[in-house]
Structure formats: structure tokens, C-alpha cells
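Worksheet: the structure to be examined is printed underneath.
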Amino acid sequence: MDSDSTPPCAPSWGEYSLQHVRESAEAFSAEREWEQFHTPRNLLLALVGEVGELAELFQWKGDAGCGPGLPGWSDAEREHLGEEMSDVLIYLIRLADRCGVSLAEAVRLKFEKNALKYPAEHARGSAAKYTQLAVSEPKTNS
Ligand SMILES: Nc1ccn([C@H]2C[C@H](O)[C@@H](COP(=O)(O)OP(=O)(O)OP(=O)(O)O)O2)c(=O)n1
């Protein structure tokens, strides 16, 4: 969606941070006294269930209906897709919170590790697993 067609009230990620999602999920749970249910195990199961609902939207579409931009998808399908993605994100962030994991720091470190495992000069244009990439061994003096 280009900027001209974005509704004026739609927040960008700059205005609606993952920290805001975290705090909203915490407040939503507290207001309903749902901390008792939001155990790591329950949240993981809820997350997996929502990933299943997300996958269901792509089920039986065929390759043609699942390319970038999702050609042929109706507005209702796109809205539903956003809802399921939101559920996945909300549960993942809530899970990290209830596990005591700093997801922001974990993601930052993960990108650093990914860059080491997949140097651009070796991984460019390849979907191979890092263990299959022809990364030369670091030179030693021996
Ligand atoms: N114990 C719960 C129940 C719900 N939610 C919040 C997080 C999700 O964003 C959303 C999930 O709600 P539903 O379980 O009703 O699932 P759906 O929204 O996917 O509804 P449906 O299963 O009808 O598609 O509500 C939550 O935090 N904790």
C-alpha cells in the first residue's frame, strides 16, 4: 500500500512500537485477570494455534495465489490475514515477556549471528542452509 492510500489513523511502526504491543498485551491481560492463564506453556500453545490459523489462509491457494502482494486476494481475506498475523505477534511478544526473555535484545543478537552465518558474498542468490554454503575456513598460521 503506498503512502497516499494509507488511512490517516493507521499507525506506522515508528508510532506503534513493539514495546507498545508488549504493554498493551500486558494491560489487556491484567484487566481481565488473565495472568493465571498466560503461562509460558499456554501462550506457546495459543501461538501455535494462531500460526495454524494463519497457515490456513494460504492452504489450497496454489502457488499463483501466494506470490508477493498476494494477487487475487479479496479485501476481506487481506483483513483476515492481518488479524491472524496480529494474533501471532501478540502471543509471541507476550510469551517472551512471561518467559523473562528480552525479545528486542534477542532479535538484535540474532541478526548479528545470522550475518556471521550467512555472509552476503557467499549467500547472495542462494537459499542454501549455512551449513551448505561454501564459506572458506578462517586462515590459520599453521
Ligand atoms: N486467553 C486469551 C485469549 C485471547 N487473547 C487475545 C490474544 C489474541 O490476539 C486474541 C485471540 O483471541 P481468540 O482466542 O478468540 O482467537 P481469534 O481472535 O483468532 O478468534 P477465532 O479463533 O474465532 O478466529 O485475543 C489473550 O491474550 N488471551
**OP:** Quick one: do Leu18 and Ile93 satisfy side chain to side chain contact (heavy atoms under 4.5 Å, CB included)? Show the steps, please.
**Re:** CA-CA 8 Å; Leu18 295 180; Ile93 288 178; 3.9 Å; yes

Original post:
Is there a side chain to side chain contact (heavy atoms under 4.5 Å, CB included) between Tyr91 and Val48 once you walk through the steps?
Top reply: CA-CA 9 Å; Tyr91 276 136; Val48 171; over 6 Å; no

Subject >> side chain to side chain contact (heavy atoms under 4.5 Å, CB included) assessment of Glu84 paired with Asp87 >> reply: CA-CA 5 Å; Glu84 299 305 347; Asp87 287 334; 3.5 Å; yes

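Partners of Lys129 under the side chain to side chain contact (heavy atoms under 4.5 Å, CB included) rule, at least two apart in sequence or in another chain, are Tyr118, Thr131, Gln132. Annotation: side chain to side chain contact (heavy atoms under 4.5 Å, CB included) contacts of Glu23 (sequence neighbours excluded): Gln19.
A salt bridge links Lys61 with Glu77: the closest approach of a Lys/Arg side-chain nitrogen to an acidic carboxylate oxygen falls below 4.0 angstrom.
Hydrophobic clustering of Ile, Leu, Val, Met, Phe, Trp and Tyr side chains at less than 4.5 Å, counting indirect connections, unites Leu89 with Val107. No single ILVMFWY cluster, assembled from side-chain heavy atoms under 4.5 Å apart, contains both Phe37 and Leu44. By the rule that hydrophobic residues join a cluster once side-chain heavy atoms approach within less than 4.5 Å of another member, Leu103 and Leu109 end up as members of separate clusters. There is no path of hydrophobic side-chain contacts, each under 4.5 Å, that joins Val88 to Val101.
Using a 30° and 60° split on the angle between ring planes, Phe28 and Trp34 fall in the perpendicular class, above 60°.
Taking CD of Gln59 as the start and SG of Cys66 as the end, the distance is 11.0 Å to the nearest 0.5 Å. With rounding to the nearest 0.5 Å, the separation of CE in Met85 from CD1 in Ile90 is 13.5 Å. The structure places CG of Leu57 at 12.0 Å from CZ of Arg78, a figure rounded to the nearest 0.5 Å.
In this structure the side chain of Arg94 reaches within 4.5 angstrom of the side chain of Glu26, judged on heavy atoms. Residues Asn114 and Tyr130 have side chains not in contact (no heavy-atom distance under 4.5 Å, counting atoms from C-beta outward). Looking only at side-chain heavy atoms (C-beta outward), Lys113 and Leu116 stay at 4.5 Å or farther from each other.
Taking the ring centre of Phe111 as origin, the terminal cationic atom of Arg108 falls outside the region bounded by 6.0 Å and 45° from the ring axis.
For Pro40 against Leu95, the heavy-atom pair with the smallest separation is O-CD1, 3.3 Å. Among all heavy-atom pairs drawn from His38 and Leu43, the shortest one is O-CD1, 3.6 Å. The nearest pair of heavy atoms linking Gly67 to Pro71 is O-CD, 3.6 Å. The nearest pair of heavy atoms linking Leu70 to Gly65 is CD2-O, 4.1 Å.
Other residues, nucleotides and ligands contribute only 12 or fewer heavy atoms inside 6.0 Å of the CZ atom of Arg41.
For the pair Ser86 (side chain) and Gly82 (backbone), a donor-acceptor distance under 3.5 Å is present. Between the side chain of Gln36 and the backbone N or O of Glu33 there is at least one donor-acceptor pair closer than 3.5 Å.
Checking Arg98 against Thr39 by side-chain atom types alone, no donor-acceptor pair falls below 3.5 Å.
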